[in-house]
S.K.: 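Okay, handing you the structure first.
In what follows, chains carry the letters A, B, and so on, assigned in the order in which the sequence lines appear, proteins first and then strands, with residues in each chain numbered from 1.
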2 protein chains.
Amino acid sequence: MVRQPSINAQNRAPLSTERIIETALRIVDGQGLARLTMRRLGDALEVEAMAIYHHLPRGKEQLLDGLVAHVASVPADTGAAARESWRDVLRAWAADYRTRLLAHAGVLPLVVTRRNPAALTTTVASLREVLRRGGVAEDAAAVAAHTLLGYVIGHAALEARDTAEDGADRAIDWEARFTAGLDLVIGGVR
Amino acid sequence: MVRQPSINAQNRAPLSTERIIETALRIVDGQGLARLTMRRLGDALEVEAMAIYHHLPRGKEQLLDGLVAHVASVPADTGAAARESWRDVLRAWAADYRTRLLAHAGVLPLVVTRRNPAALTTTVASLREVLRRGGVAEDAAAVAAHTLLGYVIGHAALEARDTAEDGADRAIDWEARFTAGLDLVIGGVR
DNA sequence: ACCTGAACACCGTTCAAGT
DNA sequence: ACCTGAACACCGTTCAAGT
């Protein structure tokens, strides 16, 4: 019997933290956060639920932390601040971040909870760095970074709540409203 | 009226939706959202868990909706807009709202989820009304209302995450930062 | 009308055992 | 090293029954 090294008896690729997180995110995106259970995740991975604990010893807590890190840890392009206006860099980052949060609206409640503070720390640090390189004073940069991140997360939350509800009959143009609010926030920084 | 009609055999006040919601909120505030279970809520009410379903037929979903409505449905004082500057009215509302969200940080993830859209609808409508009465154009008022609410919720979420973590060693002055960001948002409205 | 008790189908997680 | 099977203590919820 000639065995193939990294393929096990059932002919499946071995589990990895990355594959677990990605599969979990696919369940949350497709079926909602409430339907993400260790047993269902195991099924999707074609493995018994208990096998997940071998890769994530802290269990479901660690799984949710991983989802937050995967979705919410998106720093701004600090390098671009040299080439273009810092306002444009922040506008571009905010638009991307909003899109990302809405694409994974199921994890928004997790982003808001105190899980995985490091994920947002790097993000907010990158915003401050863009502002600082743009010539904004240290104090004002700190305020603006938190204001901007707070706005984007909060607005995405309002948007996700509203659009999840029903059809687009009396449809608010959320994108236009987001952009207008964004200009209001970014325009106020000096 | 002399008789005490509403005391049952066990000498307990009868259950009511209001008492259920308030007790649930006390559990969330004291022990966290994860520890709010129907069985524990029943214990706190000195009743079997199943009795709750008589008052909240939709069960836990309805309970969580009730918590969101109880915490997040706080309209701005539209009457005050006649007497004082609308900027001051909004600043006062925002400060109160932030305090309230932080006092019940455990329900923040619920406020963010799509539950109970009506709770935020009245709040955002009152903000728009204050702005309109202050002479702000309809379109700008709609944008500013969402921007403000988004900012307050998002910033409170960041703050709750951070302060829940550890001691106040390298303490960010969140209140000062909130106020500065608030001025940035409100100052940009014209 | 209001509440209880027992039951059901699910959870997350542990632990010893298999390979 | 990696995964399984059985078990445990908990969930939310139903339903028939009590008062």
S.K.: Could you identify the nucleotide paired to dA7(D), looking across every strand shown and requiring Watson-Crick or G-U wobble geometry with both distances under 3.5 Å?
M.R.: dT13(C)
S.K.: Give a yes or no on whether a salt bridge exists between Glu129(B) and Arg133(B), defined as a side-chain N under 4.0 angstrom from a carboxylate O.
M.R.: yes
S.K.: Grab the OH-P distance between Tyr53(A) and dG5(D) for me, whole Å please.
M.R.: 17 Å
S.K.: At less than 4.0 Å, is any side-chain N or O atom of His54(B) found next to OP1 or OP2 of dT4(C)? Yes or no.
M.R.: no
S.K.: Would you indicate what Arg35(B) reaches in the nucleic acid, counting non-hydrogen atoms under 4.0 angstrom: base, sugar-phosphate, or nothing?
M.R.: nothing
S.K.: Checking contacts here: which listed nucleotide (dT13(D), dC3(D), dT4(C)) is nearest the side-chain heavy atoms of Val47(A)?
M.R.: dC3(D)
S.K.: Strictly below 4.0 Å, N to O, side chains only: are Glu48(A) and Arg39(A) in salt-bridge contact?
M.R.: no
S.K.: Side chain of Arg39(B) only, please: which of dA7(D), dG12(D), dC3(D) is the nearest?
M.R.: dG12(D)
S.K.: Grab the CG-C1' distance between Leu64(A) and dG12(C) for me, whole Å please.
M.R.: 12 Å
S.K.: Whole Å only: how far is the CD atom of Gln62(A) from the C1' atom of dT13(C)?
M.R.: 14 Å
S.K.: Would you mind reading off the distance between Glu46(A) atom CD and dC3(D) atom C1', rounded to a whole angstrom?
M.R.: 14 Å
S.K.: Taking only side-chain N and O atoms of Arg58(A), does any of them lie within less than 4.0 angstrom of OP1 or OP2 on dT13(C)?
M.R.: no
S.K.: Could you check whether Arg91(A) pairs with Asp88(A) (Lys NZ or Arg NE/NH1/NH2 to Asp/Glu carboxylate O, under 4.0 Å)?
M.R.: yes
S.K.: Using only side-chain N and O atoms of His55(A), determine if any of them is under 4.0 Å from OP1 or OP2 of dA1(D).
M.R.: no
S.K.: Counting just side-chain N and O atoms, does Arg40(A) come under 4.0 Å of either OP1 or OP2 of dC11(C)?
M.R.: yes
S.K.: Expressed in angstrom and rounded to an integer, what is the separation of Lys60(B) atom NZ from dT13(D) atom P?
M.R.: 8 Å
S.K.: Figure out the CG/P separation between Leu56(A) and dC2(D), and round it to whole Å.
M.R.: 13 Å
S.K.: When the distance from CG of Asp43(B) to P of dG12(D) is rounded to whole Å, what number comes out?
M.R.: 12 Å
S.K.: Does Glu159(A) come within less than 4.0 Å of Arg177(A), counting only side-chain N to carboxylate O?
M.R.: no
S.K.: Taking the six-membered ring for Trp and the full ring for Phe, Tyr or His, determine whether the centres of Tyr97(B) and Trp93(B) are under 6.0 Å apart.
M.R.: yes
S.K.: What is the base-pairing partner of dT19(C), counting Watson-Crick and G-U wobble geometry with both distances under 3.5 Å?
M.R.: dA1(D)
S.K.: Using whole Å, report how far CD of Glu48(A) lies from P of dT14(C).
M.R.: 17 Å
S.K.: Mind checking if Met50(A) touches a base, just sugar-phosphate, or nothing, with heavy atoms under 4.0 Å?
M.R.: base
